[in-house]
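Structure, as structure tokens:
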Protein chains: 2
Amino acid sequence: MSAASTPESNGTPTRREQLLAIAAELFAEKGFRNTTVRDIADAAGILSGSLYHHFDSKESMVDELLVPFQEELFGKYDEILASGDDARTKLERAVRVSFEAIDQHPHEVAIFQNDADHLGTFERFGYLADRNTQSRQVWVTLIEEGVRTGVLRPDLDVTLTYRFIRDTVWVAVRWYRPGRGLSHTAVADQYVRILLDGISNA
Amino acid sequence: MSAASTPESNGTPTRREQLLAIAAELFAEKGFRNTTVRDIADAAGILSGSLYHHFDSKESMVDELLVPFQEELFGKYDEILASGDDARTKLERAVRVSFEAIDQHPHEVAIFQNDADHLGTFERFGYLADRNTQSRQVWVTLIEEGVRTGVLRPDLDVTLTYRFIRDTVWVAVRWYRPGRGLSHTAVADQYVRILLDGISNA
DNA sequence: GTCTATAGCAGGATAGAC
DNA sequence: GTCTATCCTGCTATAGAC
């Protein structure tokens with residue numbers, strides 16, 4: 001038995017997965033609230049009522065997109081935190097893992113960036129706030145370790161630096177398009193360079 | 001006669017301006033589409049129909065918020081471009097002017113950040129795309145001048161650097177709250193420092 | 001300048017036929 | 001698994017009284 005949201009092992013997505021992929025694209029492009037169930041149904045070539053054979057509600061759809069994505073991402077962060085790498089390497093790896101997420105799950109990242117605040121007002125999506133806290137802990141831990149071990153400037157405002165890194169990384173989902181222009185690794189290279197060394201010709 | 005969206009010289013805002021301020025806060029907080037005219041009317045203590053005595057439509061309200069804000073902001077950018085400062089100073093000034101805008105017009109900035117894409121799909125808001133282009137020209141001009149005059153690293157990817165600066169600056173509207181915590185000048189100080197010199201303890 | 005009342009439409013969701 | 005048909009709600013906007 002396979003998880004409902006993971007493609008079957010033979011590579012053929014289930015109908016449910018197809019519909020979810022269509023919904024993800026629309027949610028990411030137009031926003032959750034601005035996407036109607038009729039939009040999703042139209043894009044899938046069926047009528048809106050038929051969607052409810054597969055999903056309880058529009059909310060269930062976005063829920064099913066976000067949960068497995070976040071499990072995967074935070075699993076990778078945990079791996080980095082648990083590794084024996086030095087602070088600078090850990091920070092670099094965390095940035096690269098994030099750009100990889102933008103590359104591999106652009107829709108899920110966009111939905112989280114654009115709609116987490118709004119969705120978070122519903123009990124059902126309370127876990128979004130938890131993930132937010134967890135994310136903050138990851139970055140702050142890495143920055144503090146960097147300052148402590150001397151690889152980062154001792155005068156850094158940790159909270160502000162955390163926000164700076166978080167925002168610079170995730171906001172890239174607004175313009176990055178997988179398969180077009182620079183690869184996610186190339187973008188990550190440049191971002192890490194600017195973040196660590198700045199743009200000044202020192 | 002005073003401009004419709006500027007407070008009267010005696011400091012007492014007109015009713016129209018009061019309503020606009022209420023709408024701005026709600027648009028910024030919940031998004032344009034997610035804010036109903038009833039929300040605005042409720043917050044103003046009147047009924048939704050009464051709003052239409054003051055404004056043609058919900059779109060007119062957001063239009064009246066964005067246009068004068070952008071005129072002011074781009075006027076300042078033009079001033080910087082036309083100044084005789086060196087490239088590094090110009091770039092710093094542009095960053096500082098942007099943080100000042102976040103401080104003084106947080107709602108307008110938030111609306112532009114969150115809803116420009118959606119609003120831009122209507123003819124009436126075609127000027128939003130023009131402003132976007134104009135903004136890009138400002139930053140790219142400054143970065144290119146910086147590279148040319150040797151104050152910025154010669155190996156910078158100009159487009160990527162432009163996106164980096166634009167995003168890092170404006171995304172701060174998501175967490176910066178005027179009058180709470182660091183001042184906008186203090187935040188700008190740190191951002192400029194990270195942007196130019198990085199976070200590494202070189 | 002605000003209220004009453006309501007038109008007109010679009011949205012999420014449901015029941016049951018096929 | 002999809003369609004037909006429809007309910008109910010909430011939204012923008014309007015007309016005219018006060």
Side-chain angles (χ1 to χ4, degrees), chain A residues 2 4-5 7-8 12-66 111 114-115 118-119 121-125, chain B residues 2 4-5 7-8 12-66 111 114-115 118-119 121-125:
Chain A
S2 67
S5 55
E8 299 285 344
T12 310
T14 63
R15 183 66 173 141
R16 183 185 184 80
E17 287 155 6
Q18 291 176 352
L19 295 171
L20 217 43
I22 289 166
E25 189 173 344
L26 290 169
F27 289 156
E29 187 189 316
K30 306 163 42 137
F32 176 74
R33 205 157 187 286
N34 203 4
T35 301
T36 72
V37 292
R38 286 178 175 87
D39 288 336
I40 301 168
D42 282 355
I46 59 178
L47 292 185
S48 65
S50 306
L51 274 179
Y52 291 83
H53 173 71
H54 303 275
F55 302 96
D56 280 350
S57 64
K58 201 171 86 162
E59 286 183 10
S60 292
M61 293 187 217
V62 76
D63 187 73
E64 215 165 300
L65 286 166
L66 293 177
I111 295 166
N114 298 326
D115 295 312
H118 170 239
L119 291 172
T121 62
F122 303 101
E123 266 193 42
R124 165 167 201 174
F125 294 100
Chain B
S2 66
S5 56
E8 299 287 342
T12 310
T14 63
R15 185 66 172 136
R16 183 188 185 76
E17 287 156 5
Q18 291 176 352
L19 296 171
L20 217 42
I22 290 166
E25 188 173 346
L26 289 169
F27 289 157
E29 188 189 315
K30 308 166 41 142
F32 176 73
R33 205 160 188 284
N34 204 6
T35 301
T36 72
V37 292
R38 286 198 251 266
D39 289 335
I40 301 168
D42 282 354
I46 59 177
L47 292 185
S48 64
S50 306
L51 274 180
Y52 290 84
H53 174 72
H54 302 277
F55 302 96
D56 281 348
S57 64
K58 202 172 86 164
E59 286 183 9
S60 293
M61 294 188 216
V62 76
D63 187 73
E64 217 166 298
L65 287 166
L66 293 178
I111 295 166
N114 297 328
D115 293 313
H118 169 240
L119 291 172
T121 62
F122 302 102
E123 264 192 44
R124 164 168 204 174
F125 294 100

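Order of the sequence lines fixes the chain letters, A, B, ..., with proteins taken first and strands second; residue numbering starts at 1 for each chain.
- Expressed to the nearest 0.5 Å, how far NE2 of A:H118 lies from CD1 of A:I111 amounts to 13.5 Å.
- Interatomic distance, B:D115 CG to B:F27 CZ, rounded to the nearest 0.5 Å: 9.0 Å.
- No donor-acceptor pair closer than 3.5 Å links the side chain of B:D42 to the backbone N or O of B:D39.
- With B:R16 as reference, B:E64 is the one residue of B:H54, B:H53, B:E64 to meet the side chain to side chain donor-acceptor pair (under 3.5 Å) rule.
- Residues from residues 25-35 of chain A lying near DNA chain D, meaning a heavy-atom separation below 4.0 Å, are absent.
- Put simply, NZ on B:K30 and OG1 on B:T36 are 6.5 Å apart, with the number rounded to the nearest 0.5 Å.
- Considering NZ of A:K58 and OH of A:Y52, their distance stands at 8.0 Å, rounded to 0.5 Å.
- Backbone-only engagement by B:R15 is indicated by non-hydrogen atom pairs under 4.0 Å involving sugar-phosphate atoms exclusively.
- Side chain of B:D63 to backbone of B:S60: no donor-acceptor contact under 3.5 angstrom is found.
- The line from CG of B:N34 to CG of B:L26 is 10.5 Å long, rounded to the nearest 0.5 Å.
- Taking 4.0 Å as the cutoff to heavy atoms of chain A, we find the contact window on DNA chain D bounded by D:dG1 to D:dT4.
- B:K58 places its NZ atom 18 Å from the P atom of C:dC9, with the value rounded to the nearest Å.
- At least one side-chain heavy atom of B:T35 sits under 4.5 Å from a side-chain heavy atom of B:I40.
- Applying a 4.0 Å cut-off to non-hydrogen atoms, the residues of residues 45-54 of chain B that approach DNA chain C are B:I46, B:L47, B:S50, B:H53, B:H54, listed by residue number.
- Residues B:R15 and B:Q18 are in side-chain contact: their nearest non-hydrogen atoms beyond the backbone lie under 4.5 Å apart.
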